[in-house]
Amino acid sequence: MPIRGNLKKRLQAGETVVGPFVIVPSVTMIDTLGYSGMDFCIIDTEHGPISQESATDLVIAAQGVGVAPIIRVGDNDERLILRALDIGSEGVQVPQINSIPDAESVVHAAKYAPLGERGLSIFTRAGNYFENDGEGHTDRQNDETMTVVHIEGKRGLDNLEQIMTVDGIDVLFLGPYDISQSLGYPGDVRNPIVETALREATAKARAQGRAVGSYAKDVEMGKWLIDLGIQYISINVDAIIYRQACEAIVTSLKG
């Protein structure tokens with residue numbers, strides 16, 4: 001088993017970490033990530049078909065090969081965040097954070113008292129199934145659990161400095177595709193206006209010592225994001241990586 005909370009510590013130490021979004025509910029696909037050297041994976045229950053039961057299996061598989069599983073929930077909803085954490089994920093990514101109240105709601109749901117009011121059950125996988133009577137569970141979870149908030153539109157970008165004042169947020173994740181749509185260039189993530197928005201937001205966050213994440217559609221974009229100072233690099237989607245690899249094989253063999 002990997003050391004829980006290690007991904008969070010690496011980000012705090014200034015390291016760059018890399019992992020894909022996961023939309024394929026396959027334990028085997030997750031298993032291969034550990035052998036590839038990926039640091040984490042984002043199990044996507046917002047856009048993908050993954051159920052709670054499948055997510056549990058994927059979390060277990062990821063931790064078995066040393067890959068930190070993060071779950072993207074579909075909404076800033078206390079129940080969804082609680083369930084994602086109780087199955088043992090190492091953190092949550094929450095979409096559409098546009099204001100201080102939005103960010104405070106995430107911390108409220110993801111952290112136990114005194115930081116938040118996450119519902120307490122020490123009889124879950126997160127509580128090691130009541131091992132040692134759950135002693136120290138709340139403190140460990142508060143220390144180790146990652147909270148990643150998605151800044152996905154102009155309103156979120158405009159309020160970024162205020163959002164950063166909320167305690168308990170570990171990564172500010174800039175969603176380039178939603179940002180491109182909000183700025184009037186849907187899907188054109190390398191448009192100069194979109195790139196400028198990402199650059200300026202990253203600079204603001206880094207100036208305050210905050211870890212920043214974003215999505216890269218390919219290695220070239222990933223390198224550009226790293227050059228900006230983005231540490232938490234979500235690289236592509238598992239199904240797309242598989243399709244692209246298959247397409248390259250077909251192209252090479254059949255022309």
Worksheet entry | Neighbour count >12 (heavy atoms, 6.0 Å) for atom CD, Gln52 | yes
Worksheet item: Under the 3.5 angstrom rule, does the side chain of Asp44 hit a backbone N or O of Ile23 as a donor-acceptor pair?
Response: no
Fill in: Any donor-acceptor N/O pair, Asp102 side chain to Asn98 backbone, under 3.5 Å
yes
Under 3.5 Å donor-acceptor pairs involving side-chain atoms of residues 10-18, not counting sequence neighbours:
residue, atom, partner, partner atom, Å
Arg10, NE, Glu15, OE1, 3.0
Arg10, NH1, Asp39, OD1, 3.1
Arg10, NH2, Glu15, OE1, 3.4
Arg10, NH2, Asp39, OD1, 3.2

Discussion item. Looking at Asp75 and Asp77, would you say the former's side chain and the latter's main chain have a donor-acceptor pair under 3.5 Å?
Written reply: no
Discussion item. Between Glu200 and Lys204, does the salt bridge (Lys or Arg N to Asp or Glu O under 4.0 Å) criterion hold? Intermediate values first, please.
Written reply: CA-CA 6 Å; Glu200 291 178 349; Lys204 285 181 184 178; over 6 Å; no
Practice prompt. Give me the other members of the hydrophobic cluster that Leu253 sits in, counting Ile, Leu, Val, Met, Phe, Trp and Tyr linked by side-chain heavy atoms under 4.5 Å, directly or via other members.
Written response: Ile249
Item to complete: For residues 236-255, pull every pair meeting ring pair (Phe, Tyr, Trp, His ring centres under 6.0 Å), keeping only residues two or more places apart or in separate chains.
Response: none
Contacts table for residues 215-226: side-chain donor-acceptor under 3.5 angstrom, sequence neighbours left out:
residue, atom, partner, partner atom, Å
Asp218, OD1, Glu220, N, 3.4
Asp218, OD1, Met221, N, 2.8

Worksheet item: Which pairs, with at least one residue in residues 32-86 and sequence neighbours excluded, count as a ring pair (Phe, Tyr, Trp, His ring centres under 6.0 Å)?
Response: Phe40-Tyr232
Worksheet entry | Trace of the side chain to side chain donor-acceptor pair (under 3.5 Å) decision for Arg4 with Thr145 | CA-CA 9 Å; Arg4 183 181 165 81; Thr145 297; 3.2 Å; yes
Worksheet item: CG of Asp167: more than 12 outside heavy atoms within 6.0 angstrom?
Response: no
Item to complete: For the pair Ile122 and Leu120, evaluate side chain to side chain contact (heavy atoms under 4.5 Å, CB included) and give the outcome as yes or no after the intermediate values.
Response: CA-CA 7 Å; Ile122 53 180; Leu120 176 59; 3.9 Å; yes
Worksheet entry | Candidate pair Glu144 and Lys8, rule salt bridge (Lys or Arg N to Asp or Glu O under 4.0 Å), full reasoning | CA-CA 7 Å; Glu144 296 169 356; Lys8 183 175 177 178; over 6 Å; no
Discussion item. Is it the case that over 12 heavy atoms from other parts of the model lie below 6.0 angstrom from the CZ atom of Arg79?
Written reply: no
Worksheet item: Of Ile50, Ile71, Ile42, which is the lone residue that meets side chain to side chain contact (heavy atoms under 4.5 Å, CB included) with Val22?
Response: Ile50
Response to the item:
Residue pairs meeting ring pair (Phe, Tyr, Trp, His ring centres under 6.0 Å), one or both in residues 141-162, sequence neighbours left out, come to His150-Phe173
